[in-house]
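Take a look at the structure set out below.
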Amino acid sequence: MTISDVHDIPSPKSRGIAFALAALLGPFGAHRFYVGKTGTAVLMLCTVGGLGLWYLYDLILVAGGSFRDIDGRLVSRWDPEEVSRGESLSAEVLEELSFLRSEVAELSERVDFTDPLLAQPRPAEDQPRSTLRP
């Protein structure tokens, strides 16, 4: 696995927790301690968030999903327990998807059948609606 492959994998850390820590304790570097960046977290603690500028920069990065952990992986998942994009779907979801596809196909056939019927012109008001004779 190369370094670029590691950067493509999302971080196991929660973006929600990182954002809450950055918003509440950001000037003290709590969000950086959380993702493992202890060196810059201590520096942030000593400078009180770079006099607020570094704190605001990090807050924007975390909120925008561009903040990275110690390994360079994006802290992008709000809930780390959710299924990532690369993992396969469960059998139940695939079964439901198959059912929905069949329903859409059936509706498409019904529209194809009724479309020519609806496209026919309506009879004038003075003409009888039905051409059937008793």
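Here the structure is a predicted model, which is why all the values come from computation and not from measurement.
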Answer with yes or no whether the hydrophobic clustering places [X] together with [Y]; edges join I, L, V, M, F, W, Y residues whose side-chain heavy atoms lie under 4.5 Å apart.
X   : Y   : value
V35 : L56 : yes
L24 : L45 : yes
Y55 : V48 : no
I60 : L25 : no
M44 : I17 : yes

### Task
Check whether the side chains of T40 and R32 place a donor and an acceptor atom closer than 3.5 Å, and report yes or no.
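Side chains of T40 and R32: pair found under 3.5 Å.
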
### Query
Is S108 reaching over with its side chain to a backbone N or O of V104, donor-acceptor style, under 3.5 angstrom?
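Checked: no pair found.
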
### Short side-chain to backbone donor-acceptor contact, K37 and R68, under 3.5 Å
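A pair under 3.5 Å: yes.
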
### Task
Could you check L94 against S98 for side chain to side chain contact (heavy atoms under 4.5 Å, CB included), going step by step and ending with a plain yes or no?
CA-CA 6 Å; L94 291 174; S98 175; over 6 Å; no

### Query
Heavy-atom count around F28 CZ within 6.0 Å, excluding the residue itself: above 12?
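Count not over threshold, so no.
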
### Message
Could you check whether atom CD of E92 has more than 12 heavy atoms from other residues, nucleotides or ligands sitting under 6.0 Å from it?
### Response
no

Atom of [X], atom of [Y] and distance for their closest heavy-atom approach:
X   : Y   : value
P12 : R73 : CD-NH2, 3.5 Å
S14 : Y34 : N-OH, 3.0 Å
V75 : D69 : CG2-N, 3.9 Å
P10 : R77 : CG-NH2, 3.4 Å

Any chance you could measure [X], atom [atom1], to [Y], atom [atom2], to the nearest 0.5 Å?
X   : Y   : atom1 : atom2 : answer
I9  : S76 : CD1   : OG    : 11.5 Å
I70 : K13 : CD1   : NZ    : 11.0 Å
L74 : S11 : CG    : OG    : 8.5 Å

### Message
With a 4.5 Å cut-off on side-chain heavy atoms, are D58 and F67 touching?
### Response
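Yes, side chains in contact.
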
### Task
Go through the steps to decide whether W54 and L43 satisfy the test side chain to side chain contact (heavy atoms under 4.5 Å, CB included), and finish with yes or no.
CA-CA 11 Å; W54 193 3; L43 189 59; 4.1 Å; yes

### Query
With ring centroids as reference points, do F19 and H31 lie under 6.0 angstrom apart?
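No - the distance between ring centres of F19 and H31 does not fall below the 6.0 Å cut-off.
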
